[in-house]
Amino acid sequence: MIVSMTGFGRSELRSARGFIRVEIKTTNHKFLEVSSRVPNHLAELEDTLRKTVSKQLRRGKVNVFVSGPDPAVFSSRLFLNEPLAKEVFHKVRRLKHVLKLGEVSANPVAERALFLKEVLHYPDVLVKDTSAVKSTLFFKDLEKAVTQALFKLGQSRAREGRALKRDLERRVSEIRRSLKRVERRLPALSREYRKALRQKAGEFLKDGEIDRDRLTLEV
């Protein structure tokens with residue numbers, strides 16, 4: 001069976017950990033080249049994901065796109081980045097001094113609340129600690145979605161392969177018909193060619209002898 005190297009497969013899966021969508025697109029390539037695009041919080045699963053795809057495909061350029069659930073499903077607790085929080089706090093205080101804003105607020109409580117707000121709004125001061133157990137469980141769901149997408153990809157490539165087969169058969173049939181027409185013309189072509197050669201050879205004769213200058217020029 002002819003299978004095309006070009007195809008597309010998509011799967012959507014609702015698991016206990018959230019919604020997963022996987023899209024796999026393949027194009028022609030001499031070797032197997034797998035590239036993937038996954039959300040940042042699933043980056044640790046990327047290598048395993050590629051290996052799963054590589055087990056099913058042998059050639060072609062493969063692009064895998066994954067969209068997964070919110071990172072919160074992998075989080076078990078909040079983590080305070082204390083060194084970063086202290087640094088942000090001191091930088092905010094320093095900025096207030098540089099801009100000469102010392103007398104703007106006469107309410108110490110409100111001022112402290114403002115500082116705290118600025119610190120908490122800074123990225124990565126409060127982060128969610130990822131649970132490796134939850135990531136492992138999620139990968140089983142992701143692997144299932146990838147398997148479904150690969151199955152649909154196989155169906156797509158098989159359909160394309162059948163279309164290629166029909167096109168090749170049509171072209172072969174046309175070549176055969178053309179060959180038969182050529183074969184029917186061969187006897188007449190042979191006679192025409194012989195006649196043309198005789199006429200050409202006659203042009204080299206001058207007074208019953210070969211005109212060598214004309215023959216040399218023709219050669």
Side-chain angles (χ1 to χ4, degrees), residues 1-13 20-40 42-43 45-68 139 141-219:
M1 180 180 70
I2 297 178
V3 177
S4 173
M5 293 179 67
T6 303
F8 178 80
R10 173 191 291 168
S11 69
E12 296 180 349
L13 179 68
I20 306 170
R21 173 181 291 163
V22 176
E23 295 181 354
I24 304 177
K25 180 182 179 181
T26 59
T27 53
N28 294 339
H29 198 271
K30 188 175 182 179
F31 305 104
L32 179 63
E33 181 181 317
V34 181
S35 60
S36 57
R37 185 184 301 171
V38 301
N40 291 334
L42 300 178
L45 306 176
E46 192 168 5
D47 185 57
T48 309
L49 175 64
R50 291 182 181 179
K51 290 179 180 178
T52 301
V53 174
S54 299
K55 290 178 183 178
Q56 300 294 326
L57 304 175
R58 291 182 297 176
R59 290 180 59 193
K61 188 172 184 179
V62 185
N63 292 295
V64 184
F65 304 92
V66 176
S67 58
F139 181 73
D141 298 330
L142 177 60
E143 191 174 31
K144 183 178 179 181
V146 170
T147 301
Q148 292 176 357
L150 285 169
F151 177 75
K152 293 182 179 179
L153 172 67
Q155 292 180 322
S156 171
R157 295 174 71 172
R159 285 194 300 270
E160 183 68 18
R162 289 192 293 269
L164 288 173
K165 181 181 178 182
R166 289 193 296 269
D167 182 64
L168 287 172
E169 290 174 342
R170 179 184 61 79
R171 293 173 184 269
V172 169
S173 297
E174 181 60 32
I175 291 172
R176 286 174 176 168
R177 288 194 293 269
S178 298
L179 285 173
K180 288 180 179 179
R181 289 195 294 269
V182 171
E183 289 173 353
R184 289 195 295 268
R185 283 277 294 152
L186 281 178
L189 288 173
S190 179
R191 291 192 296 270
E192 293 173 6
Y193 188 60
R194 287 177 182 271
K195 182 179 179 180
L197 284 177
R198 289 194 188 98
Q199 292 175 349
K200 201 69 174 177
E203 295 177 2
F204 303 143
L205 296 177
K206 187 177 182 181
D207 300 330
E209 295 184 0
I210 295 178
D211 185 346
R212 295 188 180 277
D213 292 337
R214 178 66 188 276
L215 178 61
T216 301
L217 180 62
E218 186 67 25
V219 172

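Residue numbers run from 1 in the order of the sequence given. Everything quoted here is computed from the prediction, not taken from an experiment.
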Practice task
Start with the C-alpha distance between R166 and E169, add both sets of side-chain angles, then the distance that settles salt bridge (Lys or Arg N to Asp or Glu O under 4.0 Å), and finish with yes or no.
Solution key: CA-CA 5 Å; R166 289 193 296 269; E169 290 174 342; over 6 Å; no
Identify the two heavy atoms, one from [X] and one from [Y], that lie closest to each other, and give their separation to 0.1 Å.
{"X": "I24", "Y": "A149", "value": "CD1-CB, 3.8 Å"}
{"X": "L13", "Y": "D141", "value": "CD2-O, 3.3 Å"}
{"X": "A145", "Y": "S11", "value": "O-OG, 2.6 Å"}

Nearest 0.5 angstrom please: [X] [atom1] to [Y] [atom2], how far?
{"X": "E143", "Y": "I20", "atom1": "CD", "atom2": "CD1", "value": "11.0 Å"}
{"X": "L150", "Y": "S156", "atom1": "CG", "atom2": "OG", "value": "12.0 Å"}
{"X": "L142", "Y": "T147", "atom1": "CG", "atom2": "OG1", "value": "9.0 Å"}
{"X": "R59", "Y": "T26", "atom1": "CZ", "atom2": "OG1", "value": "12.0 Å"}
{"X": "L57", "Y": "T52", "atom1": "CG", "atom2": "OG1", "value": "11.0 Å"}

In chain order, what residues pass the side-chain hydrogen bond (donor to acceptor under 3.5 Å, both in side chains) check against [X], with sequence neighbours excluded?
{"X": "S173", "result": "none"}
{"X": "R176", "result": "none"}
{"X": "R170", "result": "D167"}

Handout entry: Heavy-atom side-chain contact between V66 and L45 under 4.5 Å
Key = no
Show which side-chain atoms of residues 29-37 pair as donor or acceptor with protein atoms under 3.5 Å away, not counting sequence neighbours.
from : atom 1 : to  : atom 2 : distance (Å)
H29  : ND1    : F31 : N      : 3.1
H29  : ND1    : F31 : O      : 3.0
H29  : NE2    : E33 : OE1    : 3.4
S35  : OG     : V62 : O      : 3.4
S35  : OG     : N63 : OD1    : 2.7
S36  : OG     : E46 : OE2    : 2.7
S36  : OG     : R50 : NE     : 3.3

Handout entry: Within residues 151-165 or reaching into it, pairs that qualify as salt bridge (Lys or Arg N to Asp or Glu O under 4.0 Å) - sequence neighbours excluded
Key = none
Pair up each side-chain donor or acceptor in residues 182-191 with any protein partner under 3.5 Å, not counting sequence neighbours, and list the distances.
none

